[in-house]
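For reference, the structure discussed in these notes is given below.
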Amino acid sequence: MKFGKRLKHQMQETLPSWRDKFLSYDHLKKLVRLISSAPAMLIGKSGKAKAQFLYVLNNEIDKFNAFFMEREEDFIIRHEGLRQRIRKVTDTWGPNDSHSSKIMYENEVGKLRKDIVDLHGEMVLLVNYSNINYTGLAKILKKYDKRTGALLRLPFIQEILEQPFFTTDLISKLVKECEGTINTVFPVEEEEERKIEVREAMTVTGEGIFRNTVVALLTMQEIRRGSSTYSKYSLPPINLPADLDIIRLVQLNPSIPIV
């Protein structure tokens, strides 16, 4: 699958409010074609197209940064709010409470688990957002250099590596903390019960955050796989466990290589 089609598919599988925040890949590709196809005598036209390409490219990066930082701040606040709720629930009732409040405790735990899973899913989507937009920028810059003979890609990517939207260390850390919280604070003791939870979550159609998370994980695995063209500017490959429940239990089409 060509990257443009993969990007469109990813935009369809993300949250509706995120869809206009992704790279304007087709528009940039049209500008590259316009620049490379301009006859030699139309230097002015080609120059305007180059200026437009750079203008759009820089605006896209500003868009990524603004959106990423806004979501990151929101996730930090929500993560801390969940931590406070967990402390309150465990301090107020505790898992071994044998009084009537145990029902209230179990209800609160259920709500917390859902909110943690939702937050975890949205943060995975944000990491994927960073990955796929970086990949798109690298690909469009490669096309630009190939079509024009310029050497824009490497210096531009060096700048991109310093941009906020590319820096996902904090979000990745919060993702791991959410996973640890689910496994240690609110473990599901029975394996079959855990599988049932996953299946029930996957039955949500449309814009279900759980399904979107699965698609994002598979997309990240695909675009970050190792290849013969791997360089210091390539994203490192990731490998998802083959028996990971959210991968194994969802019936998705086999992944298609991006070329």
Side-chain angles (χ1 to χ4, degrees), residues 10-11 13-19 21-23 61-91 95 108-137 160-188 194 197-198 201-202 204 207-224 235-241 244-247 249-250:
Q10 187 60 48
M11 291 167 66
E13 295 292 348
T14 195
L15 302 177
S17 60
W18 291 31
R19 291 175 184 168
K21 308 301 181 183
F22 283 82
L23 180 68
I61 293 173
D62 289 342
K63 177 178 72 178
F64 300 156
N65 285 335
F67 177 73
F68 185 91
M69 290 189 291
E70 179 184 11
R71 301 314 309 146
E72 184 179 57
E73 182 179 4
D74 176 63
F75 293 155
I76 292 170
I77 294 171
R78 286 167 60 186
H79 182 264
E80 179 57 32
L82 285 170
R83 285 165 57 92
Q84 293 178 9
R85 285 172 59 192
I86 290 169
R87 285 195 295 268
K88 181 178 179 180
V89 167
T90 54
D91 290 347
E108 288 300 315
V109 166
K111 293 176 184 177
L112 277 170
R113 281 179 61 85
K114 180 184 182 302
D115 289 346
I116 293 170
V117 169
D118 284 350
L119 176 61
H120 174 272
E122 288 183 52
M123 290 193 294
V124 169
L125 290 180
L126 190 63
V127 174
N128 182 56
Y129 172 85
S130 172
N131 284 188
I132 202 165
N133 283 306
Y134 170 80
T135 302
L137 287 170
I160 292 171
L161 297 180
E162 303 297 324
Q163 298 298 319
F165 87 89
F166 183 79
T167 309
T168 60
D169 292 350
L170 176 57
I171 291 298
S172 296
K173 178 184 176 184
L174 294 181
V175 167
K176 292 295 183 184
E177 287 184 12
C178 280
E179 293 169 356
T181 298
I182 293 172
N183 292 331
T184 59
V185 180
F186 304 125
V188 178
R194 183 162 67 93
E197 276 196 349
V198 172
M202 290 308 305
V204 179
E207 310 306 329
I209 184 67
F210 202 94
R211 182 179 185 282
N212 293 339
T213 304
V214 174
V215 174
L217 286 168
L218 292 172
T219 300
M220 280 192 285
Q221 185 181 45
E222 187 62 43
I223 68 175
R224 293 176 62 168
L235 292 166
I238 60 173
N239 294 301
L240 302 174
L244 189 64
D245 282 339
I246 60 174
I247 302 299
L249 295 179
V250 63

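This chain uses plain numbering: 1 for the first residue, then up along the sequence.
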- Could you go step by step and tell me if Leu137 and Tyr134 meet the side-chain contact (heavy atoms from CB on, under 4.5 Å) rule? CA-CA 5 Å; Leu137 287 170; Tyr134 170 80; 5.6 Å; no

- Query: side-chain contact (heavy atoms from CB on, under 4.5 Å) between Tyr129 and Lys21: does it pass, once the steps are laid out?
  - Reply: CA-CA 9 Å; Tyr129 172 85; Lys21 308 301 181 183; 3.7 Å; yes

- Test salt bridge (charged side-chain N to carboxylate O under 4.0 Å, His left out) applied to Asp169 and Lys173, step by step: CA-CA 6 Å; Asp169 292 350; Lys173 178 184 176 184; over 6 Å; no

- Task: Apply side-chain contact (heavy atoms from CB on, under 4.5 Å) to Leu15 and Glu122, showing your working.
- Result: CA-CA 9 Å; Leu15 302 177; Glu122 288 183 52; 4.3 Å; yes

- Evaluate the criterion side-chain contact (heavy atoms from CB on, under 4.5 Å) for residue pair Thr167 and Phe68; output intermediate values, then yes/no. CA-CA 10 Å; Thr167 309; Phe68 185 91; 5.8 Å; no

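Across all their heavy atoms, Gly136 and Leu23 have their closest contact at C-CD2, 3.4 Å. Of all heavy-atom pairs between His79 and Glu177, the closest is CE1-OE1, 2.9 Å. When every heavy atom of Arg71 is checked against every heavy atom of Asp74, the shortest pair comes out as NH2-OD2, 2.9 Å. Here the shortest heavy-atom pairing between Met123 and Val175 reads CB-CG2, 3.6 Å. Looking at every heavy atom in both residues, Cys178 comes nearest to Ile116 through O-CG2, 3.9 Å.
A salt bridge is defined here as a Lys NZ or Arg NE, NH1 or NH2 lying under 4.0 Å from an Asp or Glu carboxylate O, and Lys111 with Asp115 fails to meet this definition.
Expressed to the nearest 0.5 Å, how far CD1 of Ile86 lies from CZ of Arg83 amounts to 8.0 Å. With rounding to the nearest 0.5 Å, the separation of CZ in Phe166 from CG in Asn65 is 12.0 Å. Between atom CG of residue Leu82 and atom CZ of residue Arg113 there is a gap of 13.0 Å, rounded to the nearest 0.5 Å. Of the inter-residue distances, the one linking Gln10 atom CD with Arg19 atom CZ reads 11.0 Å to the nearest 0.5 angstrom. Here Thr181 contributes atom OG1 and Leu174 contributes atom CG; the two are 10.0 Å apart, rounded to the nearest 0.5 Å. For the atom pair Ile61 CD1 and Ile160 CD1, the distance stands at 4.5 Å (nearest 0.5 Å).
Side chains of Trp18 and Leu125 form a contact here, defined as non-hydrogen atoms less than 4.5 Å apart.
Side-chain atoms of Asn133 never come within 3.5 Å of backbone atoms of Phe22 as a donor-acceptor pair (strictly under, hydrogens ignored).
The environment of CD in Gln84 is crowded: more than 12 heavy-atom neighbours from other residues, nucleotides or ligands sit within 6.0 Å.
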